[in-house]
Amino acid sequence: MPVHAGVAPAHLATALESLLDQERPLDEIVVVADGPLEPAHEAVLSRWPSAPLAVVRLPRNVGIARALNAGLDACSHEWVVRMDSDDVSSPRRVDEQLSEVERTGVDVIGSAMAEFDGSSGNVLGLRRMPVTHEAIAAYMRSRNPINHPTACYRRSLALEAGGYGDLDGVEDYDFFARLLSHGAHFANKAEPLVRYRVDDALFARRAGWRHLRAEWRLQANLRRYGLISPPRAAANLVARTAFRLLPPRLMRHAYARIYRSQPADTAS
């Protein structure tokens with residue numbers, strides 16, 4: 001779980017509480033402090049002195065990709081459960097995902113997620129993903145088929161593949177595509193096991209020309225991994241760049257139309 005000074009301390013506390021409340025207890029929780037934190041964050045981190053909580057401290061803010069790599073290096077166990085510092089995991093999340101791993105032997109497993117704004121009970125909709133390996137591999141050619149905040153994966157395979165690349169805003173898509181090219185077997189749980197915070201700041205971070213270079217590199221990498229052809233790369237780049245250049249308000253509307261379905265069951 002990477003965290004930086006811009007995260008609300010109350011959101012960090014809620015995220016940690018959801019991990020400590022898992023039906024299948026976690027062996028360790030690795031929090032990466034991406035640069036100096038505020039006293040209120042430190043108060044949250046010191047709230048559970050007996051919890052299996054390890055804090056990796058980076059002297060300056062280096063961004064999510066490098067923070068995640070620092071966290072991967074610090075993990076002691078084979079299975080890594082990704083978590084954002086302002087989201088909420090269902091108490092069943094870890095057990096549901098690891099039970100699927102034990103049953104099927106997959107290397108990466110995600111889930112649908114319930115997107116909310118403000119209160120975690122204010123669910124806007126569900127972001128669903130394909131559930132079988134074959135459907136996930138096909139989806140990977142145009143979009144990221146794993147909701148990153150829901151991901152659970154083998155640490156050894158992640159390190160073998162080189163960890164996260166420094167591609168601003170698309171480091172997760174590149175990471176999972178590289179794992180696929182290394183032979184990883186994927187699955188997603190159909191039920192939403194994470195509540196994902198969606199607000200105006202999220203879309204402001206995704207908008208603008210500054211992401212264009214990362215999108216170019218992503219498509220070049222997908223070609224290099226053997227996942228797409230040059231025409232597919234060009235089509236992807238046009239579609240993804242057009243989406244990035246929308247004003248944040250229009251981007252939010254387009255995102256809801258493309259990715260979000262109406263809620264039925266949501267993560268508890």
Side-chain angles (χ1 to χ4, degrees), residues 1-2 27-28 30 32 56 62-84 93-94 96-113 129-189 193-194 211 213-237 240:
M1 178 193 290
D27 294 301
E28 65 179 355
V30 177
V32 181
V56 177
V62 297
I64 187 169
R66 295 181 186 180
L68 287 170
N69 286 334
L72 276 175
D73 288 341
C75 288
S76 307
H77 300 273
E78 172 66 346
W79 282 96
V80 175
V81 176
R82 263 287 287 123
M83 180 74 179
D84 282 345
R93 176 190 172 182
V94 174
E96 289 282 344
Q97 291 185 304
L98 291 185
S99 293
E100 186 73 10
V101 166
E102 292 158 0
R103 186 178 69 84
T104 64
V106 296
D107 304 297
V108 181
I109 182 163
S111 78
M113 60 187 184
M129 289 296 173
V131 297
T132 67
H133 175 78
E134 293 74 19
I136 288 168
Y139 198 94
M140 190 82 78
R141 294 196 291 266
S142 58
R143 302 180 201 165
N144 184 3
I146 300 293
N147 289 321
H148 193 206
T150 75
C152 177
Y153 52 80
R154 295 185 191 274
R155 177 176 179 266
S156 58
L157 187 59
L159 294 176
E160 177 187 324
Y164 290 86
D166 200 7
L167 280 74
D168 184 25
V170 290
E171 65 286 323
D172 53 339
Y173 188 174
D174 178 71
F175 174 68
F176 292 122
R178 199 159 2 96
L179 290 182
L180 180 64
S181 72
H182 276 69
H185 197 83
F186 285 73
N188 274 313
K189 299 290 289 183
L193 297 175
V194 172
H211 296 293
R213 183 177 179 184
E215 290 287 356
W216 274 98
R217 289 178 58 199
L218 171 65
Q219 297 307 317
N221 285 352
L222 293 178
R223 288 180 58 192
R224 183 163 56 86
Y225 303 152
L227 301 181
I228 61 172
S229 65
R232 167 69 78 172
N236 286 350
L237 189 61
R240 292 174 64 84

How would you list, by chain and number, every residue that makes a side-chain hydrogen bond (donor to acceptor under 3.5 Å, both in side chains) with Glu28, sequence neighbours excluded?
Ser76
Tell me, do Leu227 and Leu180 make a side-chain contact under 4.5 Å, heavy atoms counted?
yes
Within the structure provided, determine whether Val32 and Leu68 are in side-chain contact (heavy-atom separation under 4.5 Å).
no
By salt bridge (charged side-chain N to carboxylate O under 4.0 Å, His left out) - contacts of Asp172 (at least two apart)
none
Determine, using ring centers only, whether Phe175 and Tyr153 are less than 6.0 Å apart.
yes
Write down the atom of Asn188, the atom of Ser111, and the distance for their closest heavy-atom approach.
OD1-N, 3.3 Å
Close side-chain approach of Met83 to Cys152, heavy-atom, < 4.5 Å
no
Could I get the full list of side chain to side chain contact (heavy atoms under 4.5 Å, CB included) partners for Gln219, not counting sequence neighbours?
Glu215, Leu222, Ile228, Ala233, Asn236, Leu237, Arg240
Checking Asn147 now: which residues fulfil side-chain hydrogen bond (donor to acceptor under 3.5 Å, both in side chains) with it, not counting sequence neighbours?
Arg127
With sequence neighbours excluded, tell me which residues meet side chain to side chain contact (heavy atoms under 4.5 Å, CB included) with Asn69.
Leu72, Tyr164
Is there side-chain contact between His185 and Ile136, with heavy atoms separated by less than 4.5 Å?
no
Between CZ on residue Phe176 and CD on residue Glu171, distance to nearest 0.5 Å
10.0 Å
Taking only residues two or more places apart in sequence or in another chain, which ones pass salt bridge (charged side-chain N to carboxylate O under 4.0 Å, His left out) with Glu102?
Arg24
Partners of Ala235 by side chain to side chain contact (heavy atoms under 4.5 Å, CB included), sequence neighbours excluded?
none
Reported CE-to-OH distance for the pair Met140 and Tyr173, which is rounded to 0.5 angstrom:
7.5 Å
Counterpart residues, salt bridge (charged side-chain N to carboxylate O under 4.0 Å, His left out), relative to Asp166 (two or more places apart):
Arg66
Who passes side chain to side chain contact (heavy atoms under 4.5 Å, CB included) against Glu78, sequence neighbours left out?
Arg154, Arg155, Ser156
List the residues meeting side-chain hydrogen bond (donor to acceptor under 3.5 Å, both in side chains) with Arg141, not counting sequence neighbours, and say none if there are none.
none
Residues at least two apart in sequence or cross-chain that pass salt bridge (charged side-chain N to carboxylate O under 4.0 Å, His left out) with Glu100, listed by chain then number, are Arg103, Lys189
Taking all heavy atoms of Ala158 and all of Leu179, pick out the closest pair and write down the distance.
CA-CD2, 3.9 Å
Under 3.5 Å donor-acceptor, Arg82 side chain and Ala151 backbone
no
Return the minimal non-hydrogen interatomic distance between Cys75 and Val80, and the atom names on each side.
SG-CG2, 4.2 Å
Please report the interatomic distance CG(Leu159) to CG(Asp73), rounded to the nearest 0.5 Å.
6.5 Å
Shortest non-hydrogen pair, Ala65 vs Gly165, comes out as CB-O, 3.4 Å
Is the backbone of Thr150 close enough, under 3.5 Å, to the side chain of Arg93 for a donor and an acceptor to pair up by distance?
yes
For Val62 and Ala67 the tightest heavy-atom approach is CG2-N, 3.9 Å
For His77, enumerate each residue passing the ring-ring contact (aromatic ring centres under 6.0 Å, His included) test, keeping only those at least two apart in sequence or located in another chain.
none
Quick one: CG on Leu193 to CE on Met113, what's the gap to the nearest 0.5 Å?
12.0 Å
Inter-residue atom distance Ile109.CD1 - Phe186.CZ, 0.5 Å rounding
11.5 Å
Out of curiosity, Asp174 CG to Leu167 CG, how far, rounded to the nearest 0.5 Å?
5.0 Å
Minimal non-hydrogen separation, Ala187 against Ile146, with atom names:
O-CD1, 4.3 Å
